[in-house]
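Note sheet for the following structure.
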Amino acid sequence: MIEIQNVHKSFGALQVLKGINLTVAKGEVLTVIGGSGSGKSTLLTCINGLEQIDSGRILVDGVEVHAKSTDLNKLREKIGIVFQQWNAFPHLTVLENVMLAQIKVLKRSKSDAEAEAVRQLNHVGLADKLKVYPSRLSGGQQQRMAIARALAMSPDYMLFDEVTSALDPQLVGEVLDTLRMLASEGMTMICVTHEMKFAREVSDRVAFFHKGVMAEIAAPEELFGAPKDPELQKFLAATH
Amino acid sequence: MFNYNFRWNQALNSLPDMLEGALVTMEIAILSMVIGITVAILLTLFRLSGNRILYAIATTWVEIARNTPALFQIYMVHFGLGGFGIHLSPYMSLLIGIAFNNAGYLTENFRGALKAIPETQTRAARSLGMSPLQAFQNVILPQMLRISFLPMTNQMVWAILMTSLGAVVAMNTDLYGVTSELNARTFRTFELFAIAAVIFYLITKAITLSARLLAARLFRY
Ligand SMILES: Nc1ncnc2c1ncn2[C@@H]1O[C@H](COP(=O)(O)OP(=O)(O)O)[C@@H](O)[C@H]1O
Ligand SMILES: [Mg+2]
């Protein structure tokens, strides 16, 4: 379970998160929508401790992310994250990309790591690209590789930050299909996305962020069918 | 000037000795690069550490190495340290002096290379659970070394040429030292130094060529 309790976060004078309260249960798929600059990415990077918070608490399985005593490297083993910008390690093959952290962080043997990497790359449809360097992959393939790389760590939670936003339109589908597959397998996920159709289909709940505030959160039928927040109404009108 | 008689045969008789000197020159250059790269990686970590004292050490090193003559640096290692009771052989002084210079220049090259690596690489590594050091070692360092490969090759060439500065610490077993001693005995100045120059040239060419081949093998991405 991920519990976000009254989290505030600023960059200098800019308040980016203004008291976020949110709980994501095991097996839930939460999508987060909202305009650019509303604090969605910041929230994700706070959840895995890449960013500090000013006040409030974030608990992952009861462990406080920003407590001094928390071993963040340990915590990050169970929280996979995939970013909007593709960040394959360019000097490693696809297979090595997916093996590296397994070996260095989880201390898996090389053969175990390789078996798991092959399994995950199969899963995301990259079985024929094992020996290829990332520069040879399309954007969609790079994102699927990044997903496999995160999944190979056997995370309990997956965070996706607009993983299709930098892709050519014809490549978006293959990545969304991968996310759908994960959702159907019961992975606990927080997906920041601009793909409203996708959000409507896969989410258990959808949260709308506006200027650092979670303005509305509801089941997709409700949030898209009968939005209450005026800003959400504007936002939805603009995205159609 | 024109009554100088070329005696190539006599000079060429010294070739075996000079080639032995060339081996010493290459040995010093290679060792000084190995030490230089290792220290430069360490100094780069100092710079990234966020610790002000470590940062100051790295910066001072780079500033001195790049803004004073290499000859002074070698001289200081030999005679400067000698003043503190640390007496190094000419070989060691030359090696350490060149390694000091290499480390300074390479640290600066590494700094430029790091700028070319996106911040997102570290973020990706860290979010996979790697510690800062693991992220540096496995993700940043290999890319940094790749980007710096050409400057490192140039520095290696410099290291070869800098061995001739061993003259100031009475180094007499490297290519320059051997040539200079032969010259003192035989006065075949032009021939000896011409041969030495050709050997220097061939070594540096061999380095740039093999570096190019090595790069093609190492960096397939
Ligand atoms: N590292 C940072 N330093 C300063 N400002 C930042 C930083 N990261 C994000 N911001 C600012 O915080 C606000 C929210 O950013 P972000 O969380 O990326 O929004 P979103 O993902 O919803 O588009 C933006 O105004 C952005 O410019
Ligand atoms: Mg964002």
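Lettering follows sequence order; numbering is per chain, from 1.
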**OP:** Please list, chain by chain and in numerical order, all residues satisfying side chain to side chain contact (heavy atoms under 4.5 Å, CB included) with A/S69, sequence neighbours excluded.
**Re:** A/A67

**OP:** With sequence neighbours excluded, tell me which residues meet side chain to side chain contact (heavy atoms under 4.5 Å, CB included) with B/M26.
**Re:** B/L23, B/I160, B/I203

Look at atom [atom1] of [X] and say whether more than 12 heavy atoms of other residues, nucleotides or ligands are closer to it than 6.0 Å.
X: B/F79; atom1: CZ; result: yes
X: A/M1; atom1: CE; result: no
X: B/F84; atom1: CZ; result: no
X: B/L213; atom1: CG; result: yes

**OP:** Using non-hydrogen atoms and a 4.5 Å limit, figure out which bit of A/A88 sits close to chain B: side chain, backbone, both or neither.
**Re:** backbone

**OP:** Could you look at A/I79 and say if it's the side chain, the backbone, both or neither that has a heavy atom under 4.5 Å from chain B?
**Re:** backbone

Original post:
How close do B/A124 and A/F83 get, heavy atom to heavy atom, and via which atoms?
Top reply: CA-CE1, 4.3 Å

Dump the table of donor-acceptor contacts under 3.5 Å between chain A and chain B, or return none if there are none.
residue, atom, partner, partner atom, Å
A/N73, OD1, B/R126, NH1, 3.2
A/A88, O, B/Q121, NE2, 2.9
A/H91, NE2, B/N138, O, 2.9
A/K104, O, B/Q134, NE2, 3.0

Original post:
Considering residues at least two apart in sequence or located in another chain, which fulfil the side-chain hydrogen bond (donor to acceptor under 3.5 Å, both in side chains) criterion with A/T164?
Top reply: none

